[in-house]
Amino acid sequence: MVVTNEQLADIFEKMATLLEIKGDSVFKIRAYRRAGRTIENLSVSLENCVRDKEDLKQIPGIGKAINDKIYEYVETGRISVYDKLVEELPQGILTLMTVPSIGPKTAVLISNELDVTSLEELEQAILDNQLAGVNGIGKKTSENILRNLQELRTKDRRTPIAVALPLAESIIRRLESACEEPVNLYPVGSLRRWEETIGDIDIVCISSNPSSVSKAIVGFEEVSDVLVQGDKKTSVVLESGIQLDLRVADSKSLGSMLQYFTGSQQHNIRLREYANRKGLSVNEYGITNDSTGTLETFADEESFYNRLGLQYVPPELRVGINEISMAEKYILPQLIQENDLNGDLHIHTDWSDGRDSMEEMIKTAVELGYEYMAITDHSAGLGVAHGLSIDRLETHINNLHELQEKFAIRILCGSEVDIRADGSLDYPDEILDKLDVVVASVHSAMGQDSDKMTHRLIRAMNHKSVTMIGHLSTRIIGHRPSITFDMEQILLAAKSSGTALEINASPERLDLKDTHANLAKEFGIPLVLNTDSHNVDGFHNRRYGIAVARRAWCEPRHVLNTLPLSRFIEYVSAPKPERNEIFVANWPGVD
DNA sequence: GCCGTTTTCGGCCCGACTGTTTTCAGTCG
């Protein structure tokens, strides 16, 4: 049986909920929940750790009890304590709690009074007027539950960041122009932490007339429902099903507000625990000295963190694992930024399935200030993408050489070459030898079992012409799951063969994902941040790829295409086994 | 259940809003 971290995270999250229903200690519940979140964000596979007999207690938030339960689950596929909890609690109670506004207390109440075990039965019971009137539940609560229940069915729980971010940006622009008084709006929450999917759009607002902002948002055409409208907080649901929370702040405490609403919740809990140990209490308004009772406010986040004796923690790192203890020692990484990139090495044109011409794509790369780029149209095997036959590829290469004369950017000849089912490449060696950059990717036979897929990928990596593996997992967020393979073997092979791994910034891919990119970085494998652009707008997706790299704790030195041109050329010109050494040597003075 | 430069026991983040309550419990983030 394969055990994924997601399964383990899910089971501990469920356990926390079951204990909540049972009315167990809130601290025990919090410990399980925290363990679940930690496991979710882990880059190593716990299954592998168990097989290697590693001590999981060194992971923050995992002690003896949870360590043993993870071992039990990996070894037997069950956790007996969990099974017992499920058995002793009413059937279907976890399902009831998936409805917003139904917490543990309400779930127990509904379960006891109405004898329902599914959402369909609950809906019917409410429609039959059985819920309103049950102790503590009035007409309004009953209506709320019904509405939340029905909404749950129609909307996806989380929205991809590439949908949520442009939407938030547009709302912010429109709110700014809709208000008469000057207003400052800041996206916070999972959006600001650049998570790959977003729960709600959270915005912090500063204005001399906050109620006018609240009024403006409620009046927007696409608002389908108003959930909360108070002095400090307004929540609405948009037609798309996305919830938007607006929170009013005072400019003198903006730093604390941004910090608090950026989260993550887990980070904030850790931060407040840390502050408590120093005799300070933290809330969204500032920091209170426990002995004097005086509240100190902060106009920006940096001074807020510094007051606590901490280095500023970039939002992408605020996950609540070990960033606070590292900030305490001032050893957080200097994360990569968009302008660190000097090139893009995965670009399609209208020669294969791209929309824009080579000239247009090159011009855009020049405008971005890049020193180099690789044009990498598809290989012949990918018929649907109008892949290039050998003859067309040779013409393509000649055309690129001619174009090179006209542009002040180094244009590398490349290809995104299909990795066939057996791990061979879609072009013969003679033509691959003529290319500067080869992105090898899986586009077919994605259902292979883990062994077969692992061997297939390793065979491709061992090819002397393959510069990097493109979008390793091939997942499409929300549509297609990752292919299955043994990550550790892939990383070992990438390292020994001198093959780089791509972070594909295309927002529906984000592949490698953050935890895998982090693992690759730890293995010392060069990462390449590519947009996989199919038109000129595609280049701007690099911000999503940068977010993945930042969430993976990457500095510029971990990413190959931050190298200046001469050093990058030195890297790709060297035989593969020598490349890792060159990559490391090209960043002198860092360990 | 986890954790510790005060601790191996005794702590454990903090506030806004709603609905149904006449003072607060439940939920959410």
Side-chain angles (χ1 to χ4, degrees), chain A residues 12 15-17 19-21 23-38 56-70 81 96-110 132-145 148 188-191 193 198-202 204 214 226-235 243-249 253 256-257 259-288 290 295 308-309 320 324-325 328-329:
Chain A
F12 285 119
M15 242 166 111
T17 307
L19 291 169
E20 220 173 359
I21 293 163
D24 213 312
S25 147
V26 290
F27 302 111
K28 191 165 158 184
I29 292 161
R30 185 182 300 163
Y32 275 114
R33 200 149 270 152
R34 181 180 166 200
R37 300 258 166 85
T38 301
L56 309 176
K57 294 198 288 293
Q58 48 193 303
I59 302 169
I62 294 182
K64 182 175 186 316
I66 291 179
N67 171 81
D68 293 353
K69 286 186 180 68
I70 294 170
V81 181
L96 296 181
M97 278 188 66
T98 59
V99 180
S101 75
I102 298 186
K105 299 286 194 290
T106 314
V108 169
L109 187 66
I110 290 174
V134 170
N135 22 341
I137 296 185
K139 187 155 166 280
K140 276 211 159 165
T141 304
S142 166
E143 282 169 5
N144 265 342
I145 291 176
N148 291 335
V188 288
S190 47
L191 209 50
R193 301 197 308 277
I198 304 303
D200 305 324
I201 293 176
D202 296 308
V204 161
S214 168
V226 180
L227 301 176
V228 173
Q229 198 175 4
D231 288 345
K232 299 184 168 171
K233 189 183 164 179
T234 303
S235 291
Q243 185 174 323
L244 188 147
D245 296 333
L246 186 80
R247 185 54 201 251
V248 174
S253 56
S256 295
M257 277 284 172
Q259 194 287 317
Y260 174 68
F261 286 104
T262 297
S264 66
Q265 195 174 20
Q266 212 56 39
H267 174 79
N268 285 356
I269 290 174
R270 303 298 305 281
L271 190 75
R272 289 170 184 209
E273 284 170 355
Y274 166 85
N276 283 351
R277 289 199 292 275
K278 300 197 146 203
L280 302 166
S281 346
V282 168
N283 65 17
E284 60 262 55
Y285 301 107
I287 299 176
T288 307
D290 292 343
L295 176 78
L308 292 171
I324 290 173
S325 59
E328 198 179 355
K329 299 178 197 132

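Convention: sequence-line order gives letters A, B, ...; per-chain numbering from 1.
When distances are taken from the side chain of A/Arg34 to each of B/dA16, B/dG26, B/dC3, the shortest belongs to B/dC3. The side chain of A/Glu284 lies closest to B/dG15, out of B/dG26, B/dG15, B/dC17.
Using N1 to N3 plus N6-O4 or O6-N4 for Watson-Crick, or N1-O2 and O6-N3 for G-U wobble, each under 3.5 Å, B/dT8 pairs with nothing.
Heavy atoms from other residues, nucleotides or ligands lying under 6.0 Å from NZ of A/Lys278 number more than 12. Atom NZ of A/Lys57 has more than 12 neighbouring heavy atoms from other residues, nucleotides or ligands inside a 6.0 Å radius.
Between A/Leu227 atom CG and B/dG19 atom C1' there is a gap of 15 Å when expressed in whole angstrom units. Rounded to a whole Å, the CG atom of A/Asn67 is 11 Å from the P atom of B/dC3. Summarising the geometry, the separation between CD1 on A/Ile62 and P on B/dC3 is reported as 9 Å, rounded to the nearest angstrom. With rounding to whole Å, A/Gln58 atom CD is found 12 Å from B/dC3 atom P. Taking atom NZ on A/Lys64 and atom P on B/dC2, their separation rounds to 10 Å, with Å as the unit. Per the geometry, CD belonging to A/Gln259 stands 13 Å off C1' belonging to B/dG29, to the nearest Å. The separation between A/His267 atom NE2 and B/dC14 atom P is 15 Å, rounded to whole Å. Between the CD1 atom of A/Ile29 and the P atom of B/dT27 there is a distance of 12 Å, rounded to whole Å.
For A/Tyr285, a side-chain nitrogen or oxygen approaches OP1 or OP2 of B/dA16 to under 4.0 Å. Close to B/dA16, at under 4.0 Å from its OP1 or OP2, lies a side-chain N or O of A/Lys232. OP1 or OP2 of B/dG1 has at least one side-chain nitrogen or oxygen of A/Lys69 nearer than 4.0 Å.
As rounded to the nearest Å, B/dG11 and B/dG19 have C1' atoms that lie 33 Å from one another. B/dT23 sits 16 Å from B/dC17 when the C1' atoms are compared, rounded to a whole Å. Taking the C1' atoms as reference points, B/dG10 lies 30 Å from B/dA16, given to the whole Å.
Rounded to the nearest 0.5 angstrom, A/Ser253 OG and A/Gln259 CD are separated by 12.5 Å. One distance of note links CZ of A/Phe12 with CD1 of A/Ile66; it measures 5.5 Å at 0.5 Å rounding.
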Could you check A/Thr106 against A/Val99 for side-chain contact (heavy atoms from CB on, under 4.5 Å), going step by step and ending with a plain yes or no? CA-CA 11 Å; A/Thr106 314; A/Val99 180; over 6 Å; no
What verdict does the side-chain contact (heavy atoms from CB on, under 4.5 Å) test give for A/His267 and A/Arg193, after you've listed the backbone C-alpha separation in whole Å, the side-chain angles of each residue and the deciding distance to 0.1 Å? CA-CA 11 Å; A/His267 174 79; A/Arg193 301 197 308 277; over 6 Å; no
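A/Thr106 comes within 4.0 angstrom of sugar-phosphate atoms only, judged by non-hydrogen atoms across all strands, and of no base. Within the nucleic acid shown, A/Arg247 comes within 4.0 Å of sugar-phosphate atoms alone, with no base atom in reach, counting heavy atoms only.
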Dump the pairs, protein N or O against N or O of nucleotides 10-12 of chain B, anything under 3.5 Å, distances to one decimal.
none

Could you run through nucleotides 20-25 of chain B and give me one letter per nucleotide, 5' to 3': B if any protein heavy atom sits under 4.0 Å from the base, S if only the sugar-phosphate is that close, - if neither? S-----
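Annotation: of the two residues near DNA chain B, A/Val228 and A/Asp245, the 5′-most nearest-nucleotide partner is A/Val228.
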